[in-house]
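All values derive from a computational prediction rather than experimental measurement.
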Amino acid sequence: MSAQLLKWAHEELAEAGVGSPQADAEALLAYALGVDRAELVRLTVLGREVPDDAAAAFARLVARRAAREPLQHLTGVAPFRHLELAVGPGVFVPRPETEEVAQVAIDEAAKVVGERGGAVVVDLCTGSGAIALAVATEVPGSRVHAVELDKDAHAWAARNVDALSAVAAGLDPAAGADPESAPERIVRLVKGDARTALYGVDGTADVVVSNPPYVPSDAVPVDPEVAEHDPAVALYGLGPDGLEVPRGITDAAARLLRSGGLYVMEHAEVQAEAARAMVAAARDPEGRPVFGEPETRKDLTGRPRMVVARRLDRLASGS
C-alpha cells in the first residue's frame, strides 16, 4: 500500500539527512505512479495497492535521493512561482528564495507596462530561464531578453522557453511542431557573456534582473545536492568575495538600463553590505555614479538576499 511505502521512504530519506523527507517521498511516489500529488493523496486514503513496477521504480528513486541526488534531477522538473521548469544535470536548480527576486522585477515591469504600455526586461545569467519566464508569463506587454553563456544551461533554458512559448500559443509543447510554424518565443534567449551581450538593448531596459554566481571560491556549499550537482559555473562568482562576476553584471546593468530603470541582483545573505558597496561604486566613463542609493531587500524568510537600485539620469551622467 502507498502509505506503507511512504512510511518506509520517509525513514530512509530522514536517515540519509534529506531535509524534507516526507515531501520528497510523496513527490517521488507520485512521479513513479505518473500522477500528481493530489491524486496520490486520494490513492493513499483509499488504500490502493501500488503496482509492482511502480514500487520498484520508487525504490530506485528513493535510493538515489538518499544518496543526495537532487529531487528535481530525479523528477526532471522544478517549480518556480506558477511555472514547472525542466531541469537536470548541467543547470542550476531554481530556488524558492529567487522567487522574491523575480517578484521585484515583475512588480516593476507591471508598473512600467501600466504607465507606458510596454516594458523591456533583461535577465542576465538566466540559467533555466526561471526569472525571465516568470516575468514573460506574468506581465503581458513585457519584452524579455535572457542571456546565458554556459552551453548546458542554455540548452535547458531553450527547452523551457520553447515549451512555454508553445503553451502561450495554445499548442501542445510535446507535439514537436513544424519548425516553420513554431510559435514566437515569449523570451528572446541569447547565448553569450552576460557582461557584454545585448548591445542593441543599451539604454532601453526598464528592468535588469540577475541571479548570478556569487559564492566565494573557498565557500564550498554544505548540502551535497548543491556542492556535487549544481554546476560550479552557476555557483562561484570568482574573486575572494565571490563578487567578481556580479561586478561585471552590475556594469552591464548600467549599460543596459534607461534613466530610472531598476536593477535587482540576488546575493548571499552575508554579502548584503558588500553588494550595496559594489553597486554604489559603479561609475560611468567620466567617473560619475551610475546608480542611486542601493538598498538591500529580504527574501520570504526574512534574510537579506538582494540589492536593488535605480539607474541615474543617463544624460546628466553623460553616459
Tell me whether Ser128 contacts the main-chain N or O of Val87 through its side chain, where contact means a donor paired with an acceptor under 3.5 Å. no

Cation over ring, Arg311 on Tyr263, under 6.0 Å and within 45°? no

Residues Arg81, Glu138: salt bridge by 4.0 Å N-O rule: yes

Does Arg195 pair with Glu244 as a salt bridge, N-O distance under 4.0 Å? no

Modelled atom types, side-chain donor and acceptor of Thr98 and Glu266, under 3.5 Å: yes

Under 3.5 Å, is there a donor on one side chain and an acceptor on the other for Glu26 and Gln22? yes

I'd like to know if Arg276 and Glu273 make a salt bridge, using a cut-off of under 4.0 Å between side-chain N and carboxylate O. no

Sub-4.5 Å side-chain heavy-atom contact between Leu28 and Thr75: yes

Arg247 with Asp241: basic N within carboxylate O range, under 4.0 Å: yes

Between the main-chain N or O of Tyr214 and the side-chain N or O of Gln271, is there a donor-acceptor pair closer than 3.5 Å? yes

Are Arg258 and Asp206 close enough that some pair of their side-chain heavy atoms sits under 4.5 Å apart? yes

With a 3.5 Å cut-off and no angle check, do the side chains of Asp123 and Thr126 form a donor-acceptor pair? yes

